[in-house]
J.: 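Attaching a single structure in structure tokens format; questions to follow.
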Number of protein chains: 2
Amino acid sequence: MKSEKITEAATSRRRRYDDACGTAHALDLIGDRWALLVMRELLLGPRRFAELRADLPGISANVLTQRLGELEAIGVVVRQRLPPPAAVQVYALTDWGAECEPILAVLGRWATRSPWHDPTLPLSAVSLLISFRTMFDPARAGDLRATIGFRIGAGSYRVAIAAGTLAAERGNVVGTDAVITAPAPAIAGVVYAGQPLAGLDIAGDAALVARFVTLFPLPAKVGVTVPAAAP
Amino acid sequence: MKSEKITEAATSRRRRYDDACGTAHALDLIGDRWALLVMRELLLGPRRFAELRADLPGISANVLTQRLGELEAIGVVVRQRLPPPAAVQVYALTDWGAECEPILAVLGRWATRSPWHDPTLPLSAVSLLISFRTMFDPARAGDLRATIGFRIGAGSYRVAIAAGTLAAERGNVVGTDAVITAPAPAIAGVVYAGQPLAGLDIAGDAALVARFVTLFPLPAKVGVTVPAAAP
DNA sequence: CGGCATCCGGGAAGATACTG
DNA sequence: CAGTATCTTCCCGGATGCCG
């Protein structure tokens with residue numbers, strides 16, 4: 001019964017591009033609305049249904065259920081039941097699913113050039129951390145070596161910079177050089193919209209944080225050359 | 001009047017993600033059905049409406065009209081009227097629009113690992129040429145230096161390989177070391193599905209073509225570990 | 001023929017309420 | 001908390017027709 005559903009969802013989708021192009025096939029697999037954003041929210045580790053719903057503003061429960069089922073059917077997401085006592089169900093990316101990160105990175109970099117991109121909209125913690133991976137500029141970091149902890153809502157994360165590389169992951173903040181406690185949009189406002197550092201709760205090396213927030217330059221906006229109608 | 005339509009289409013779309021994440025904004029801009037594939041068809045130069053429709057199997061005229069209008073409104077496509085005598089209208093990518101190529105490349109590479117990817121489906125000439133850019137393996141090319149011409153339907157293209165780089169563009173085939181005349185799916189079948197070279201019409205250096213078709217290895221398929229239902 | 005508007009049917013997405 | 005059921009909205013796709 002379940003296997004029928006798997007093959008049905010994976011192979012005989014109603015609306016598909018009949019195209020050998022890999023791009024078209026990718027869109028057949030993960031081109032549905034919300035699909036890529038669900039995968040984004042799983043990039044830093046397994047999540048529960050309610051967490052996903054809370055961090056995907058505007059998704060409805062039935063659509064989330066449907067997307068998770070389809071992503072599971074194509075082998076991008078697996079459903080895991082944690083062992084007792086915490087016998088809750090979580091969703092995780094498969095290895096192949098996790099390989100979607102370059103897709104998110106390239107899409108994000110392309111879109112930050114858009115004249116309509118608004119970095120002050122709501123933002124999930126995972127989005128922020130992944131954006132650090134995407135937008136990190138090794139040249140600006142130079143030989144900086146530091147770790148910074150983040151407390152965002154109920155979650156904690158750590159970012160390590162060393163030898164021109166950046167690692168961002170879920171984890172506790174003990175032993176980091178500085179700890180930032182703030183909502184994700186507030187941090188994004190400082191890093192990506194030039195808002196003052198004063199809005200953040202910073203513990204530890206404040207000078208380090210002041211430098212950290214300069215390591216993620218946005219590409220130049222495309223000129224507002226939207227073709228106007230000829231008079 | 002036109003400007004109203006522009007701001008309407010670009011800023012007040014009905015169904016949008018309220019998310020500062022760059023990926024989400026990219027999907028707001030070019031996440032609609034067919035949008036990326038329309039951009040793909042323009043990557044090798046301006047095209048006319050009927051050409052686009054012919055190379056996007058299954059798109060309907062009104063959807064193509066709508067997509068082109070939206071892509072124009074956001075500044076990704078421009079409409080050009082060629083000067084007389086060939087006073088026809090063509091659609092072209094803007095500079096920003098052309099920067100979508102890494103998106104197509106990354107999506108395509110990710111999807112070729114799919115167990116359901118079928119390289120024998122229909123394929124447009126542009127898709128094939130762009131796939132050469134995406135899948136080219138410099139290590140396999142070594143110090144090969146060659147040019148190959150393609151006659152696909154009514155169009156002609158040329159691929160130049162030198163110093164471990166590949167260039168693929170529209171252009172005539174004169175002066176190339178070999179010329180392949182065949183439909184795009186037939187060429188794709190040889191390069192990506194291991195079909196015999198015999199099916200292609202080859203003029204010039206046949207040994208070069210035999211090597212050329214080995215320069216585009218596909219990544220390993222993901223194991224068929226689609227989670228089965230527990231018995 | 002090229003491009004666009006309009007109408008219609010089907011189906012996916014969105015919102016809300018409800019259940020184990 | 002983790003979904004399911006139901007209803008509405010609206011996008012996609014196909015057909016037709018208008019107009020240059």
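Numbered from 1 within each chain, the chains take letters A, B, ... in sequence-line order.
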J.: To the nearest Å, give me how far apart CD (Glu70(A)) and P (dG3(D)) are.
T.: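 In whole Å, dG3(D) P lies 15 Å from Glu70(A) CD.
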J.: Rounded to whole angstrom units, what separation is found between the CD atom of Gln66(B) and the P atom of dC10(D)?
T.: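 Answer to the nearest Å: 14 Å.
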J.: Strictly by salt bridge (charged side-chain N to carboxylate O under 4.0 Å, His left out), give each pair with a member in residues 91-100 of chain A just once, sequence neighbours left out.
T.: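 Listed once each, the pairs are Glu99(A)-Arg113(B).
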J.: Provide the full list of ring-ring contact (aromatic ring centres under 6.0 Å, His included) pairs with a residue in residues 47-77 of chain A, sequence neighbours left out, each pair given once.
T.: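 Qualifying pairs, neighbours excluded: none.
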J.: Which residues in residues 54-62 of chain A have at least one heavy atom lying under 4.0 Å from any atom of DNA chain D?
T.: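 Hits under 4.0 Å, by residue number: Ala61(A), Asn62(A).
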J.: Reckon Arg33(A) has a side-chain N or O less than 4.0 Å from the OP1 or OP2 of dG14(C)?
T.: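 It does, given that an N or O in the side chain of Arg33(A) lies less than 4.0 Å from OP1 or OP2 of dG14(C).
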J.: Tell me: CG of Asp28(A) to C1' of dA12(C), nearest whole Å?
T.: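 For the pair Asp28(A) CG and dA12(C) C1', the rounded distance is 15 Å.
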J.: Take Tyr17(B) and Tyr91(B), find for each the nucleotide of DNA chain C with the closest heavy atom, and name the residue whose nucleotide sits nearer the 5' end.
T.: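 Its nearest nucleotide lies further toward 5', so the answer is Tyr91(B).
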J.: Picking from dC10(D), dG13(D), dT4(D), which would you name as closest to the side chain of Thr65(A)?
T.: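 Nearest to the side chain of Thr65(A) among the choices is dT4(D).
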J.: Mind checking Arg53(B) for me? I need base, sugar-phosphate or nothing, with any heavy atom below 4.0 Å counting as a touch.
T.: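 No contact.
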J.: Is the phosphate of dC4(C), meaning OP1 or OP2, less than 4.0 Å from a side-chain N or O of Arg79(B)?
T.: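 Arg79(B) to dC4(C) OP1/OP2: side-chain N or O found under 4.0 Å.
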J.: Show me the donor-acceptor pairs, under 3.5 Å and distance only, between side chains in residues 40-47 of chain A and residues at least two apart or in other chains.
T.:
residue  : atom : partner   : partner atom : Å
Arg40(A) : NE   : Ser127(A) : OG           : 3.0
Arg40(A) : NH1  : Ser127(A) : OG           : 3.1
Arg40(A) : NH1  : Asp19(B)  : OD2          : 3.3
Arg40(A) : NH2  : Ser127(A) : OG           : 3.3
Arg40(A) : NH2  : Asp19(B)  : OD2          : 3.1
Glu41(A) : OE1  : Arg47(A)  : NH1          : 3.1
Glu41(A) : OE2  : Ser124(A) : OG           : 2.6
Arg47(A) : NH1  : Glu41(A)  : O            : 3.1
Arg47(A) : NH2  : Asp55(A)  : OD2          : 2.9

J.: What residues, two or more places apart in sequence or in another chain, satisfy salt bridge (charged side-chain N to carboxylate O under 4.0 Å, His left out) together with Arg133(A)?
T.: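 Applying salt bridge (charged side-chain N to carboxylate O under 4.0 Å, His left out) to Arg133(A) gives Glu101(A).
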J.: List in chain and number order the residues that pass side-chain contact (heavy atoms from CB on, under 4.5 Å) with Thr147(A), two or more places apart in sequence or in another chain; answer none if no residue qualifies.
T.: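 Expected list: Ala160(A), Thr176(A), Asp177(A).
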J.: Grab the CG-C1' distance between Leu27(B) and dA13(C) for me, whole Å please.
T.: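 Rounded to whole Å, this separation is 15 Å.
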J.: To the nearest Å, how far apart are Phe49(A) CZ and dC1(D) P?
T.: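 Phe49(A) atom CZ is separated from dC1(D) atom P by 12 Å.
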J.: Measure from CD on Gln89(A) to C1' on dG20(C) and round the result to the nearest Å.
T.: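 Interatomic distance, CD of Gln89(A) to C1' of dG20(C): 14 Å.
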J.: To the nearest 0.5 Å, how far apart are CD1 in Ile30(A) and CG in Leu71(A)?
T.: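 Answer for the CD1-CG pair, Ile30(A) versus Leu71(A), is 8.5 Å.
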J.: Grab the CG-P distance between Asp32(A) and dC11(D) for me, whole Å please.
T.: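 The answer, rounded to whole Å, is 16 Å.
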J.: Closest approach to the side chain of Arg67(A), judged atom by atom: which nucleotide of dA2(D), dC12(D), dA12(C) is it?
T.: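 In terms of side-chain proximity for Arg67(A), the closest of dA2(D), dC12(D), dA12(C) is dA12(C).
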J.: Separation of Trp34(A) atom CH2 from dA13(C) atom P, in whole Å?
T.: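 To the nearest whole Å, that distance equals 11 Å.
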J.: Look at atom CZ of Arg33(B) and say whether more than 12 heavy atoms of other residues, nucleotides or ligands are closer to it than 6.0 Å.
T.: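 Atom CZ in Arg33(B) is packed in, count exceeds 12.
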